[in-house]
Amino acid sequence: MKEKVMDALQRFSKAMFIPVLILPIAGILIAVGNLFTNARLIEMLPFMDNAVMKGFGTLLSGSLVSILNNLGLIFCVGIAVGLANKKKSEAGFTALLGFLVFINAMNKFMGLTGILFTGESLRGTGQAMVMGVQILDMGVFLGIILGIVTAMIHNRFCETEFNNAFQIYGGSRFVFIVLIPVLVVLAVVLTYVWPFVQAGISSLGGFINKSGNFGIFLYGSLERLLIPTGLHHLVYTPFLYTSLGGVETIGGQVLEGARNIYYAEIADPAVAMLSKSVVWDARGISKMFGLIGACLAMYHTARPENKNKIKAILIPAAFTSFIAGVTEPIEFSFMFVAPILFVIHAALSGLSMVAFNIFDCRAIGPNGFIDFLLYNLPLGNAKTHWITYILIGLVFFALYYVIFRILITAMNLKTLGRETEGMEMKLHSKAEYKEKVAAEKSGKGNDVDAARIVEALGGADNITKVDNCYTRLRLILANPELVQDAVLKNETGANGVVKKGNNVQVVYGLKVTAVRKAVDAYLGRSAE
């Protein structure tokens, strides 16, 4: 039972990547749009003071804010696609149709039962307009629920076929036929059930907010501690996109979730100060500063003969963490060999968010330095306190460095460069180069040795399913015991291997997409 639950959570966590990773792009473009209408920037750069550039900025930010108003639909389609076992595009289309059916079914039922509010303002009524249809305010949870329901029905019936005259009603069409009554019944049930669920969510949000710095510390620590399981997305997503992360009225519109509120506030010049809820999105200190200090500590505590070798490993990892916010290559370098360092890392991550709250810092850098620049500098220090962000970051850089260095030396932890045997490093001959070029045609492209990866995973027959998220190759294997962890880490460039039942995750960082393509090509499978 435990393995089944973990498997379900793993799949759901992976499915959440589809909508979650798209939203930061919208946020960055909203920030870019604001650059063209930012009064301080226009004053510094007079050539920007023209109708064309201001109009472009207004159109860009204004059009993308609409994404925040339709998160339910985005999550519905994204999760359905992510959870579908096959025919993913059809699952996404069916989810879109199902979403329209559900909101209209709920609206009609609420009207028939007299529940539909008829006043001018819906604020405080528990109801909201979704794609022009008035229903209960379920926020992003509506999309999550409908995406899961659609995927379950799709996986069960997407290959159902009929003979003769009924043949046209098979496949995805039959999925939609089955889905319609399910959604209508679900709309009726949730009309009565959801108010109680919403009351529970509001109470939980109230408890977390009333717990103050302890709640913030717990959130920040758990978000890191769950990295090995791949379930950390389940911690931060509710705070970023639901009422758990705060509720604010911006430009006459009620928005829920730290990320949604932040995007709307940076797009509204009338907002003088960002709301406090952005503290839930301030996850960049460990990425831009803390783990850089950890890397420096590991370098300084390495064996003298290994320092040049680990420099080639740590510098790219630190740069990726600082610029793009991808931390797993660094975290997996000490997560298993020195777990106490990972616990300290999680605690420091939580403490950094407490520091944000204490010093009233509203700046964010969730995906590294590029995000930090685009989101905060154009808004000015008065609105974001981004200078405070940097000062807090420098303090945590020092804390990471000192604590990691003391623990590594005092406990003789076997972090990078402190192994008993030095790491092999050599220049490749011309013959080896030619061999590599030839191998690229058989699954070894872009420094990816697909053949070796498949072999280390127990062979092609052991691999049931191949998938990937932002940094991990996610697999379902017939026999996980056949996995050669050392080979994957030492010979294929993996930063870590996580096993949960038949689910195996191999952490490759930003190159995981290339790894996935190479493995699929080697296995003769097409990535869906």
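The analysis underlying the following values was restricted to heavy atoms, covering all of them including side chains, and did not include hydrogens, waters or symmetry mates.
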Looking at every non-hydrogen atom in both residues, tell me the closest pair between [X] and [Y] and how far apart they are.
X: I216; Y: V354; answer: CG2-N, 3.8 Å
X: L183; Y: F102; answer: O-CD1, 3.7 Å
X: V504; Y: P480; answer: CG2-CB, 4.1 Å
X: A84; Y: A91; answer: CB-CB, 3.7 Å
X: E90; Y: S172; answer: OE1-CB, 3.2 Å
X: V130; Y: I103; answer: O-CD1, 3.8 Å

Is the shortest side-chain heavy-atom distance between [X] and [Y] below 4.5 Å?
X: V506; Y: V515; value: no
X: R474; Y: N468; value: no
X: I392; Y: I285; value: yes
X: L100; Y: M131; value: yes
X: E491; Y: D449; value: no
X: K517; Y: V519; value: no
X: L186; Y: V149; value: yes

- Task: Considering only NZ, NE, NH1 and NH2 on the basic side and carboxylate oxygens on the acidic side, decide whether D485 and K489 come within less than 4.0 Å.
- Result: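 Result for this pair is no, no salt bridge flagged.
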- Check the pair I403 / L348 against side chain to side chain contact (heavy atoms under 4.5 Å, CB included), numbers first and verdict last. CA-CA 10 Å; I403 294 174; L348 289 173; 4.3 Å; yes
Got a second to check how far [X]'s [atom1] is from [Y]'s [atom2], nearest 0.5 Å?
X: L416; Y: M298; atom1: CG; atom2: CE; result: 6.0 Å
X: T415; Y: F334; atom1: OG1; atom2: CZ; result: 9.5 Å
X: L291; Y: S286; atom1: CG; atom2: OG; result: 5.5 Å
X: N70; Y: C76; atom1: CG; atom2: SG; result: 12.0 Å
X: R472; Y: N495; atom1: CZ; atom2: CG; result: 10.5 Å
X: S352; Y: L399; atom1: OG; atom2: CG; result: 10.0 Å

Using a 3.5 Å distance criterion without hydrogens, assess whether the side chain of [X] forms a donor-acceptor pair with backbone atoms of [Y].
X: N376; Y: I364; result: yes
X: T301; Y: A297; result: yes
X: Y400; Y: H345; result: yes
X: N462; Y: N479; result: yes
X: T160; Y: F157; result: yes
X: K311; Y: Y299; result: no

- Message: With a 6.0 Å cut-off (strictly less than), is the heavy-atom count around CZ of F93, excluding the residue itself, greater than 12?
- Response: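 Open: at most 12 neighbouring heavy atoms sit under 6.0 Å from CZ of F93.
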- Residue pairs passing the side-chain hydrogen bond (donor to acceptor under 3.5 Å, both in side chains) test where at least one lies in residues 145-159, sequence neighbours excluded: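 For residues 145-159, and leaving out neighbouring residues, the side-chain hydrogen bond (donor to acceptor under 3.5 Å, both in side chains) pairs sorted by first residue read K86-E159.
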- Item | Under 3.5 Å side-chain donor-acceptor pair for T492 and Y508 |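 Per modelled atom types, T492 and Y508 side chains form a pair under 3.5 Å.
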- Task: Hey, can you tell me if F356 and Y389 have their rings parallel, tilted or perpendicular (30° and 60° cut-offs)?
- Result: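 Perpendicular.
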- Report yes or no: is the cationic atom of K287 (NZ for Lys, CZ for Arg) under 6.0 Å from the centre of the six-membered ring of F322, at an angle within 45° of the ring normal?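 Here K287 fails the 6.0 Å and 45° test against F322.
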- Task: Using the side chain to side chain contact (heavy atoms under 4.5 Å, CB included) rule, take N502 and T464 through it: C-alpha gap first, then chi angles, then the decisive distance, then the call.
- Result: CA-CA 9 Å; N502 291 89; T464 303; over 6 Å; no
- What do you reckon, are the aromatic ring centroids of F75 and F141 less than 6.0 Å apart?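 No, the ring centres sit 6.0 Å or more apart.
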- Ring centers of H300, Y401 separated by less than 6.0 Å: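 Yes - the distance between ring centres of H300 and Y401 falls below the 6.0 Å cut-off.
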- Query: Yes or no on side chain to side chain contact (heavy atoms under 4.5 Å, CB included) for K499 and V497, after CA distance, side-chain angles and deciding distance?
  - Reply: CA-CA 7 Å; K499 300 176 185 177; V497 180; 4.3 Å; yes
- Message: For I463 and L477: C-alpha separation, side-chain torsions, deciding distance, then whether side chain to side chain contact (heavy atoms under 4.5 Å, CB included) applies.
- Response: CA-CA 5 Å; I463 301 175; L477 304 181; 3.8 Å; yes
- Item | Partners meeting side-chain contact (heavy atoms from CB on, under 4.5 Å) with F397 (sequence neighbours left out) |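 Counting only residues at least two positions away or on another chain, F397 forms a side-chain contact (heavy atoms from CB on, under 4.5 Å) with F289, I292, L296.
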- Message: Tell me which one of L190, I144, L146 satisfies side-chain contact (heavy atoms from CB on, under 4.5 Å) with M138.
- Response: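 Single pass found, and it is L190.
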